[in-house]
Undergrad: 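Starting off with a structure, shown below.
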Amino acid sequence: MSTRSAAPAAPPAAAPSLTPVFVRLKLSLLRNGLRQSTGRTLAYVASVVVGLLFAAGVMAGLIALRGNAHIGSLAVLLTGIVTLGWAVMPLFFPTGDETLDPTRLVMLPLRPRSLIVSLLTASLIGIGPVFTVALVIGSVIAVADGPVAAVVGVLAAILVVLVCVSLARAVATASVRLLTSRRGRDLAVLGGLFIAIGAQGVNIAATKLGRPDGLSALEPVGEVLRWVPPASAISAVQDAGQGAYGRAVAGLALTALALALLLWWWQRTLTTVMTSPDSSTLQAAGKDSGRSSQPGDRGLARLLPGGRTGPVMLRMMRYAWRDPKTKMAWAMAIGVGLMVPVVSSLQGNGTIYTSFSASALLGMQMYNQFGQDTSAFWMVASTISTPRDAYLELRARAFTLALVAVPFVTVVVAGTAAFIGPWSDFLEVYGLSLALLGALLATGALASALFPYSIPSEGNKNVAPGQGSIAWFSLFGGIVVGSLLSSPMLALTLWLHLADLHGLLWILLPVGAVYGVLIAQLGLRVAAPRVARRLPEILQAVSKG
């Protein structure tokens with residue numbers, strides 16, 4: 001009996017790299033999202049162009065300041081602000097997509113270490129990373145002096161971008177369970193208000209820096225931030241140009257250490273998310289399901305109009321009170337609307353006209369009305385079969401917004417007139433504010449019909465993947481059109497002033513109120529047949545998330 005020698009075992013095949021897969025997945029999600037409509041593609045291209053122009057402007061401005069004695073402090077401060085933005089923006093504003101949400105990957109046989117490389121690479125695709133790269137390149141060019149500084153600048157730029165992206169992903173991964181629970185989403189409302197307050201603080205600082213020798217005020221802050229990564233890497237470039245090689249090495253080492261710690265923290269939180277049950281969400285869901293109906297709802301329902309209007313208004317009020325993302329949008333609009341006049345007063349250029357922020361921010365809540373319903377919009381869509389049904393639905397939503405906006409605008413304008421003055425301009429500004437509110441209600445209804453987008457009910461995103469551009473285009477385009485619709489009232493105001501008819505300025509209040517009602521009614525009438533005609537497309541768009 002013959003025997004054969006056993007063939008040597010073939011070496012195990014190397015596992016394919018996940019990075020190309022995640023990059024193609026992100027590009028595919030973006031491409032498929034843009035294929036849904038030509039308008040979405042145009043809006044995305046427009047947003048990309050605007051983002052690139054803004055990034056180029058920032059980079060050019062930094063390069064133009066090259067040689068300024070305080071450019072190092074400015075570059076360090078801007079790097080710190082951008083890093084802070086990367087840390088907090090993913091929690092409250094639309095960024096990323098399913099490829100960056102670790103909860104969608106828990107059922108796949110993936111190891112956290114290899115997954116981190118793929119997620120990090122996919123995160124580098126987008127307008128945010130491009131803007132960060134432009135800022136870093138501008139900062140490096142502005143502070144670099146000599147070939148050694150140029151070499152250090154290349155290393156610093158790479159480290160800063162990687163730290164920013166890693167920080168955003170690590171924070172998002174560590175917070176994903178909290179943000180997907182109801183209590184965590186409620187906490188996001190408070191966090192959003194802190195972001196709004198911080199933005200106003202940046203606005204005050206920017207105004208002061210615009211004064212002669214304003215950059216000198218940055219030196220104390222720059223001395224502190226130059227040792228805080230990743231700003232320490234930008235400071236290292238300047239130190240290398242000045243021959244302080246020891247400080248340059250220390251700055252780069254601090255940023256490299258920060259990157260290593262972030263990647264370690266990200267890997268640990270990613271392992272926890274992918275191996276542990278979502279107990280926080282289950283507990284929150286159990287508590288929410290055990291709540292009984294509030295007896296006060298019946299009393300509120302009795303105060304609302306009959307027919308379709310009352311139930312729709314009650315539904316929208318419950319969304320504003322119970323849905324965390326809707327609550328956050330309302331809270332930020334009210335909070336910032338109150339802050340703008342106060343901040344302007346603190347800057348020394350306070351005027352009663354800053355109270356227009358109340359009408360602008362509350363009117364913006366009319367945009368994307370159907371997306372606020374998320375996947376539940378199909379139940380609303382089933383009750384809309386004619387333009388009349390669509391008109392009643394939109395009108396009830398506008399009534400709900402006006403129920404809060406009109407008293408709020410009244411309080412803000414009256415308070416601004418009392419504390420900033422003059423009282424003689426109250427009727428004029430109040431009438432213009434009501435006209436602006438009506439114009440935004442009109443454009444918001446039309447934008448809801450023409451540019452709907454989905455707000456995912458879970459996760460930390462406010463816009464579904466591939467729809468971010470259409471959201472920005474809808475909002476800012478609608479605001480521009482709303483401002484144009486308010487131009488007749490502005491023309492009337494200017495004519496009364498130029499004609500020295502100050503005694504007739506009081507008519508702006510009744511005329512503005514009537515104009516606001518009429519323009520809002522016109523907008524609802526124009527939007528209603530479009531909602532009825534485009535209902536399948538709207539339903540598909542808002543159900544994407």
Undergrad: What are the two closest heavy atoms between G337 and S357, and how far apart are they?
TA: O-OG, 3.4 Å
Undergrad: Show your working on side chain to side chain contact (heavy atoms under 4.5 Å, CB included) between F377 and Q369 and close with a plain yes or no.
TA: CA-CA 10 Å; F377 178 68; Q369 280 291 309; over 6 Å; no
Undergrad: Could you tell me if the side chain of T79 sits less than 4.5 Å from the side chain of V136, heavy atoms only?
TA: no
Undergrad: Check the surroundings of atom CZ in R66: do more than 12 heavy atoms from other residues, nucleotides or ligands lie under 6.0 Å from it?
TA: yes
Undergrad: Quiz question: by atom type and distance under 3.5 Å, do the side chains of T173 and W266 form a donor-acceptor pair?
TA: yes
Undergrad: Carefully, step by step, assess L78 and L62 under the rule side chain to side chain contact (heavy atoms under 4.5 Å, CB included).
TA: CA-CA 10 Å; L78 290 178; L62 287 169; 3.7 Å; yes
Undergrad: For T443 and Y367, run side chain to side chain contact (heavy atoms under 4.5 Å, CB included): C-alpha distance rounded to whole Å, both residues' side-chain angles, the deciding distance at 0.1 Å, then the answer.
TA: CA-CA 8 Å; T443 56; Y367 290 77; 2.7 Å; yes
Undergrad: Among V82, I81, V160, exactly one meets side chain to side chain contact (heavy atoms under 4.5 Å, CB included) together with L135. Which residue is that?
TA: V82
Undergrad: Counting C-beta onward and ignoring hydrogens, is there a side-chain heavy-atom pair between P129 and S123 closer than 4.5 Å?
TA: no
Undergrad: Please tell me if the side chains of L259 and S166 come closer than 4.5 Å, counting only heavy atoms from C-beta onward.
TA: yes
Undergrad: Between W264 and I116, is there a side-chain heavy-atom distance shorter than 4.5 Å?
TA: no
Undergrad: Nearest heavy-atom pair of T83 and P230: which atoms, and what distance?
TA: OG1-CG, 3.3 Å
Undergrad: Applying side chain to side chain contact (heavy atoms under 4.5 Å, CB included) to Q242 and R247, what does each step give before you reach the verdict?
TA: CA-CA 10 Å; Q242 297 173 352; R247 295 180 59 178; 5.9 Å; no
Undergrad: Does a side-chain heavy-atom distance below 4.5 Å link V58 with F54?
TA: yes
Undergrad: Would a distance-only check, ignoring hydrogens and angles, find a side-chain to backbone donor-acceptor pair under 3.5 Å from Q238 to I234?
TA: no
Undergrad: Using side-chain heavy atoms (C-beta onward) and a distance below 4.5 Å, is W330 in contact with L362?
TA: yes
Undergrad: Find the distance between OG1 (T271) and CG (L115) and round it off to the nearest 0.5 Å.
TA: 9.5 Å
Undergrad: Can you name the closest pair of heavy atoms from P452 and A449 and give their distance?
TA: CD-O, 3.9 Å
Undergrad: For a 4.5 angstrom cut-off between non-hydrogen side-chain atoms, does I63 reach M59?
TA: yes
Undergrad: Calculate, to the nearest 0.5 Å, the distance between atoms CG and OG belonging to L440 and S486 respectively.
TA: 6.5 Å
Undergrad: Once you round to the nearest 0.5 Å, how far does CZ of F356 lie from CG of L436?
TA: 7.5 Å
Undergrad: I'd like to know if the side chain of S448 reaches the main chain of M366, judged simply by a donor and an acceptor atom lying under 3.5 Å from each other, with no hydrogens or angles considered.
TA: yes
Undergrad: Report the distance from atom CD1 of I538 to atom CG of L450, rounding to the nearest 0.5 Å.
TA: 8.0 Å
Undergrad: Between V152 and V249, is any pair of side-chain heavy atoms under 4.5 Å apart?
TA: no
Undergrad: Rounded to the nearest 0.5 Å, what separates atom CD1 in I141 from atom CD1 in I71?
TA: 11.5 Å
Undergrad: Could you pull out the closest heavy-atom pair between L254 and S232, with the gap in Å?
TA: CB-OG, 3.7 Å
Undergrad: Would the number of heavy atoms belonging to other residues, nucleotides or ligands and lying under 6.0 Å from CH2 of W227 be above 12?
TA: yes
Undergrad: Please find the pair of heavy atoms, one from L124 and one from V165, that lie closest to each other, and give the distance.
TA: CD2-CG2, 3.7 Å
Undergrad: Measuring from F451:CZ to L446:CG, what's the distance to the nearest 0.5 Å?
TA: 8.0 Å
Undergrad: Testing the basics here: between D239 and A248, what is the closest heavy-atom pair and its distance to 0.1 Å?
TA: CB-N, 3.9 Å
